[in-house]
Amino acid sequence: MKQILPFLMLLMSVAAFAQDKKEGKKNVDGQENKETGDTIRLPEQDFFLLLDSDDVDLANKVPVHKIIKDSLIFALLDDPGAATIDSLWQQELFESSLYIDLKDSLLNQEYNEVVFDDLPTDTLKLRLQKLNAKTPFNVEYNPLLENVIKSYLKRNKKGMERLMALSTYYFPLFEQKLDLYNIPLEIKYLAIVESALNPRARSRVGATGLWQFMFATGKMHGLDVSSYVDERMDPIMSTEAAAEYLSTLYRVFEDWDLVLASYNSGPGNVSKAIRRSGGSTNYWNLRPYLPRETAGYVPAFLATMYIFEYAEEHGFQPPHPRTTYFETDTIHPRKMLTFEQISQVTGVEKEMLQFLNPSYKLDVIPFVEDEKYSLRLPRNRTGLFVNNEEAIYGYTQALEEKKEEALPQLIQPESTVRYRVRRGDYLGKIAERYGVGVSQIKQWNNLRSNNLRIGQRLLIYPRKNSATAENSSSSRIYTVKQGDSLWSISKKFPGVTVKQIKSLNNMNSNRLKPGMKLKLSDG
């Protein structure tokens with residue numbers, strides 16, 4: 001018994017150690033699952049190895065936006081945080097309500113006394129004095145400016161918080177360019193007065209973009225406008241142009257208040273106001289002689305500056321956007337791409353692509369020789385895009401070919417099919433099998449809904465195959481072209497699946513090479 005007891009204790013120790021190790025592994029796994037959403041992370045270079053894998057469970061656990069097991073149709077690693085776009089940007093970025101409100105306030109600004117007990121006049125005077133000491137603008141107290149500031153504080157607080165949230169993206173970009181041109185960084189608030197930080201804002205007279213360039217002024221500063229692109233809406237290019245223009249105005253007027261006034265109404269109107277005032281160069285003396293919108297322009301700028309500088313004191317609590325300017329990067333695509341295609345392969349929402357690339361009017365990035373059109377993406381997607389760039393172009397080419405094949409074609413009467421509905425059939429499935437549209441099937445059979453019943457007969461005119469295949473009467477042979485994938489080939493031949501192609505050709509992977517001969521049917 002004494003000999004057995006130590007042995008039993010040893011076994012119990014081993015069992016306890018194994019259990020502890022198992023529990024520890026569970027805890028580690030639990031932590032990993034919590035962080036990655038119950039997924040397995042693979043290195044980027046393993047993507048295409050994964051696509052060739054027959055391990056369905058493994059493929060289903062990979063954290064990608066979407067996986068289509070094909071040599072060209074794939075998806076990049078997804079990050080749950082980056083994939084969730086702040087609803088603030090989706091709802092507000094391209095809406096013009098804030099822009100319209102600001103423009104209306106410039107034209108219809110009320111300068112009557114505004115009561116706002118949360119901001120005593122003495123407190124305001126002290127704060128303006130501090131601002132005046134650290135900026136080159138004349139922000140000394142006067143009752144008119146006080147009324148504008150208090151009216152801003154009383155009205156759309158949520159709208160101002162949204163602007164503050166957007167500013168966390170745009171202001172670093174603005175400050176970088178303004179510093180390059182030795183312009184006061186406070187000029188960044190000018191973009192709020194001009195456009196409410198809406199890069200696609202357009203005024204009633206055609207001024208466009210964050211900095212509201214007219215067509216001719218934009219051209220003077222190198223901002224091109226075409227059917228696809230309006231560079232006045234490009235944040236970087238328009239900010240560069242604005243900095244150049246502001247520098248030129250300062251060389252003329254040597255006063256930043258007058259620079260602001262001339263930016264809004266033009267240097268000519270400011271010089272006329274100087275003459276009419278008897279030669280004064282103080283903005284507040286010139287105000288009565290300026291256009292109505294410009295008369296409210298500098299007070300609006302100063303009020304905006306005050307609110308942003310003292311946002312915390314007034315209880316503003318803007319949401320925190322998940323993407324900032326410095327968390328993005330650019331790529332110069334070598335093929336034409338649509339936002340829809342980019343979204344499909346990167347998992348970046350179309351709304352985010354519009355936000356990051358507002359200058360593309362049709363949501364299309366064109367490709368033109370000797371022109372460098374850029375695509376801005378979240379930084380954690382740019383490397384993945386570049387690493388899989390050729391495959392992405394192959395994928396988009398396959399999509400374009402599919403669109404071309406879907407164009408209406410002449411229907412030959414002898415190609416009709418009488419199809420009998422079977423269990424599990426639905427219109428989409430039948431339409432895909434014969435390469436036609438659901439609406440066409442409904443039209444041919446006078447169907448008012450998508451409901452089908454087993455045994456029902458449907459008249460179908462299959463789309464005549466436009467793909468080139470050899471020996472169509474016996475075993476069909478297809479020659480692989482550049483950009484082809486098993487999925488795109490299967491779509492060219494109704495009734496042929498990827499699995500069948502691989503089986504007929506004894507393929508162990510989905511990789512294709514141009515010139516390969518593929519058997520599409522037995523013969």
Student: For atom CD of Glu389, decide whether the heavy atoms of other residues, nucleotides or ligands shown that lie under 6.0 angstrom number more than 12.
Tutor: yes
Student: Please say whether the positively charged group of Arg276, taken as NZ for Lys or CZ for Arg, lies over the ring of Tyr289, i.e. under 6.0 angstrom from the six-membered ring centre and within 45 degrees of the axis.
Tutor: no
Student: Would you please say whether a donor-acceptor pair under 3.5 Å links the side chains of Thr330 and Arg376?
Tutor: no
Student: If we only count heavy atoms from C-beta on, is the Gln176 to Tyr325 side-chain gap below 4.5 Å?
Tutor: yes
Student: For the residue pair Tyr250 and Trp256, does the interplanar ring angle fall in the parallel (under 30°), tilted (30 to 60°) or perpendicular (over 60°) class?
Tutor: parallel
Student: Contact between Leu190 and Leu246 at the side-chain level, heavy atoms closer than 4.5 Å - yes or no?
Tutor: yes
Student: Donor-acceptor pair, Glu309 side chain versus Tyr306 backbone, under 3.5 Å?
Tutor: no
Student: Examine the side chains of Thr248 and Arg251 and answer whether a donor and an acceptor come within less than 3.5 Å of each other.
Tutor: yes
Student: Take the angle between the ring planes of Phe339 and Tyr360 and call it parallel below 30°, perpendicular above 60°, tilted in between.
Tutor: perpendicular
Student: Glu161 side chain to Phe316 main-chain N or O, any donor-acceptor pair under 3.5 Å?
Tutor: no
Student: Please assess Lys188 against Phe308 for the test side-chain contact (heavy atoms from CB on, under 4.5 Å), listing each intermediate value before the final yes or no.
Tutor: CA-CA 11 Å; Lys188 63 190 178 185; Phe308 270 71; over 6 Å; no
Student: I'd like to know if Glu390 pairs up with Arg334 as an ion pair, taking the criterion as any Lys NZ or Arg NE/NH1/NH2 lying under 4.0 Å from an Asp or Glu carboxylate oxygen.
Tutor: yes
Student: What class does the angle between the rings of Tyr245 and Tyr263 fall in, given that below 30° is parallel, 30 to 60° is tilted and above 60° is perpendicular?
Tutor: tilted
Student: I would like to know whether Val229 and Tyr373 meet side-chain contact (heavy atoms from CB on, under 4.5 Å); could you show each step before the answer?
Tutor: CA-CA 9 Å; Val229 183; Tyr373 294 114; 3.7 Å; yes
Student: Taking C-beta and beyond as the side chain, do Asp118 and Leu153 meet within less than 4.5 Å on heavy atoms?
Tutor: no
Student: Got more than 12 heavy atoms from elsewhere within 6.0 Å of NZ, Lys442?
Tutor: yes
Student: Using 30° and 60° as the class boundaries, would you call the ring planes of Phe171 and Phe174 parallel, tilted or perpendicular?
Tutor: tilted
Student: Counting only heavy atoms not in Gln129, do more than 12 sit closer than 6.0 Å to its CD atom?
Tutor: no
Student: List the steps and the verdict of side-chain contact (heavy atoms from CB on, under 4.5 Å) for His314 and Leu119.
Tutor: CA-CA 9 Å; His314 287 288; Leu119 181 60; 3.9 Å; yes
Student: Do the ring planes of His221 and Phe213 sit parallel (below 30°), tilted (30 to 60°) or perpendicular (above 60°)?
Tutor: tilted
Student: Tell me if the CZ atom of Phe253 is crowded by more than 12 foreign heavy atoms within 6.0 Å.
Tutor: yes
Student: NZ of Lys130: more than 12 outside heavy atoms within 6.0 angstrom?
Tutor: no
